[in-house]
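A note on names: the letters A, B, ... follow the listed sequences, proteins ahead of strands, and every chain is numbered from 1.
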Amino acid sequence: MEIEFIPVDYDYFDFQGRNYVEVIGRTGDGKRAVIIDSFEPYFWAILKPGISEKKTEEIMRRIMVIKVEAVNRITRVLKTELHDKKFLGKDVQAIKVVISNYKDGHAIADQMGWDEIEKRREYDISLLSRYIMDKKILPLNWYKVSGEVLSNSEEFGGIDASLDTDIVLKAEKFERMKEQRDFEPRILAFDIEAEEFEIGKGSILMISLYGKNFHKVLTWKNCPIKQDFVECFEDEAEMLEKFAEYVKSYQPDILAGYFSDGFDLPYLKARAEKNKVRLNLGLDNSQPKFSRGVVTSASIFGIVHVDLFRFISSVFSQYLQSETLSLNEVASELLGEKKHEFDFSKLGQMKEGDWHDFFAYNLQDSALTWKLADKLWQDMLEFSKVIQEPLFDITRDRMASHVENHILHNLYRYNEIAEKRPLHDEIALRRGLGKYEGAFVLQPQPGLYENICFLDFTSMYASVIVTYNLSLSTLADKGHEVDLQEGTVHFSKEKGFFPEMLEEIIKKRKQYKKEYKENSTNLLKARSNAYKLLANAAYGYQGFFGARYYCREAAAATAALARKSILETIEKIKKQGFEVIYSDTDSIAFLLGDKSEKQVLEILKKLNAELPGIMELELEDFYKRGIFVSKRTTGEGAKKKYALLNEKGKIKIRGFETVRRDWCSLAREVQSKVLGSVLKTGKSDDALEYVKGIIKKLQKREIEKEELVIKSQLTKPISEYIAISPHVTAAKKMLELGLPIRPGMMIEYYVAETKAKEKGKLLVRERIKLSNEKGEYDIEYYLGHQIIPAVGNILEVFGINLKEMAEKKKQMKLGEF
DNA sequence: GTTCGAGTCGTACC
DNA sequence: ACGGGTACGACTCGAAC
């Protein structure tokens, strides 16, 4: 039988001691299929140079007799083959060691610690990645698959009967189809509401499900209420059973949640255990599995469980404006839609109408999750295709893993054997090396400037890596010379696979970006974005201690050459008669002076012609005005803090408190308005009047407390803090009140007024109250620590000393402005 | 008792 | 453990006076 098939998920099982891969996906006519494919795992033994043919044959014989006895299998070496390979760009002879079970690869490799063998490699590549690499059964690509249909077959212990799918096929041949049509996955979103925040502590009150034409809330609480989407059950156990049934009957390709790795699925598991209910969600009726690790991941056999929070936080967050990655904020930004409001303090004494609201709230969470999944599907799809890893991993891995996986899946093109993952000691060693010198930042002169041009280097660090061939495999004794603090290093002129792959990534990014401009489809946007993210992460990858291709020298050289490049460019711009006012890493700001924009563009062309390799400088924008301020500590110009007004009247604010989430909203808003006024008028008059008005309001307590709440993230467990700052004290307070505290939470508090005799004696942390705690705010604190600091150094540019003004008024006992 | 600088922490920039 | 370094600024805390 031959079917059209698209792989969505991968898994594997052991049968008679051997590994078999299960590729799970859809057929061309939308049926669910599992393809069973045999697979022979292997790893490499790299020989020392100059080993004789005879000796090599002897070693291969020695390898052939190695075996490992595990509990219920004996793993043997099936085959050895001698190959000419490359390792870190150098020619090597390597023995391919094919074994009968992947799980014992490491143990077999361990038995080969012989002198003649220089290195053993690739036993640390996961079986499924290995399968995808070798057989090229790429995720989310269409294939024509032929094979034998298993139906009530005895094969593999009767596996087909235990799988809840339309087709089980024992694969004979896969052929990637020339025509790759669209694939629309069936997505089901879910969300739970529970009595307690702590996993499994209280019961689950309701579960919502949201798919195409499928909206449900399952509950066992307050059942008289009739809302058409609410379905009532006897108890929690029955609700849980029904949840599993609904998921199964919907037959989703993707089950989507938001923070469901960390909350919803672990909670469901805990309650199912408590109620002795089996959550047999998998196509093989297995329950969700939880991987151990720093962060647990929850997987379901045959259904890709996607925790959108994970995907967004690890890949997309840097391009979002949202200050937190809460479902509410992310949905607002990406969908323009919010969560419903519900007051959880009502949970103790719910009235009829409250349940009504609660059910609607629960359904909306799933609706938002579904819409987010739908919106991000194209991005997940393209990431999976570009990196060639399964969707499950794509939505959980961080950028470093993505870069590494992309490399691993492309090494075959260079005939390269993969470097190993660093072990604990190696990681400790790398981390112990400390920092190397990074980017150059030009200290600006505080002031208000007019007619500013910003230029920046496109994907600067990636371009530097490509242009100068910086990588582990090209680190050499001679070649390009780069001076670092630790000494001089060299990189060979012969192109290495890392820079070469990166060059290809940059080229593709350019190509798809161009195509997107001509034809703005979501697909092209997602594809160009995937390449952009990969390109931008390549530099960080080489400096990352956990990387297989970690190369501190390459990372340090990248930063050094970027510094050199930007400094040279600054000099060239100065030579053209411009005043350079600012520069940070890959951008340069200068004043137009008496030159026109057209002249600047001509100079830009000239600068580009002189740049080496693929280095490229582009126009970022022209700005009508810009303001740079002084540091509060020393009075010199502050780096990474400026505001600009472009010719279209749009304001861009960098680094100021306005864009910092740990300042109260009043200070942020006041500062933002002051910056806007000053940039638009070029004067401080209006701004000063406005600030005076705000201060008066504050002194009269006419400002709402909500505007004075300070938010700060708890980044680790309370016990790990050495310094007890105000937000840690606030978190302790919450803990005492029995409120849920966990790392990653935003802690909200305000600084409250204290008795006169204690004034000045108490630390800030001794004066804080939780945001919803009753009390009056401390006017002096907010004046002196939030409002005046936020606008002081902006007004200072115009010769106004707000702090002095405020102190004088205070001394004159006028009390207010 | 006050002053000051080092250290911790959170957050932003690129 | 799950890119990098640079930078600002608040707050705490202990040494120095």
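Of the listed residues (A/E426, A/E404, A/E419), just one forms a salt bridge (charged side-chain N to carboxylate O under 4.0 Å, His left out) with A/R548, and that residue is A/E404.
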_B/S/- contact track for nucleotides 8-14 of chain B, protein heavy atom under 4.0 Å_ = SSBBSBS
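Sorted by first and then second residue, the salt bridge (Lys or Arg N to Asp or Glu O under 4.0 Å) pairs with a member in residues 709-722 of chain A form an empty list; sequence neighbours excluded.
Residue-level contact check: A/G543 touches the backbone only, with heavy atoms under 4.0 Å from sugar-phosphate atoms and none from bases. In this structure, A/Y781 reaches the sugar-phosphate backbone alone: every heavy-atom distance under 4.0 Å involves primed, P, OP1 or OP2 atoms, never a base.
Shown here are the side chain to side chain donor-acceptor pair (under 3.5 Å) partners of A/S326, two or more places apart in sequence or in another chain: A/T324. With sequence neighbours excluded, no residue satisfies salt bridge (Lys or Arg N to Asp or Glu O under 4.0 Å) with A/K513. Annotation: ring-ring contact (aromatic ring centres under 6.0 Å, His included) contacts of A/Y549 (sequence neighbours excluded): A/F497. Taking A/K532 as the reference, nothing meets the salt bridge (Lys or Arg N to Asp or Glu O under 4.0 Å) condition, with sequence neighbours excluded. In this view, A/E553 satisfies the salt bridge (Lys or Arg N to Asp or Glu O under 4.0 Å) rule with no residue, not counting sequence neighbours. Under the side chain to side chain donor-acceptor pair (under 3.5 Å) criterion, A/N608 pairs with no residue at all, not counting sequence neighbours. Partners of A/E748 under the salt bridge (Lys or Arg N to Asp or Glu O under 4.0 Å) rule, at least two apart in sequence or in another chain, do not exist in this structure.
In this pair, A/Y541 and A/F498 present their aromatic rings parallel. The plane angle is below 30°, not in the 30 to 60° band. Between A/F454 and A/Y582, the ring-plane angle classifies as tilted under the 30° and 60° cut-offs.
Both cation-pi conditions hold for A/R431 and A/F545: the charged atom is under 6.0 angstrom from the six-membered ring centre and inside a 45 degree cone around its axis.
Look at A/R509 and A/E504 and you find no salt bridge, because none of the NZ, NE, NH1 or NH2 atoms lies under 4.0 Å from a carboxylate O.
Taking the 5' to 3' direction, DNA chain C first and last meets chain A under 4.0 angstrom from a heavy atom at C/dA1 to C/dC13.
Of the residues in residues 398-408 of chain A, those lying under 4.0 Å from DNA chain C by heavy-atom distance are A/R398, A/M399, A/A400. A heavy atom lying under 4.0 Å from DNA chain C marks the following residues of residues 429-440 of chain A, by number: A/R431, A/K435, A/Y436, A/E437, A/G438, A/A439.
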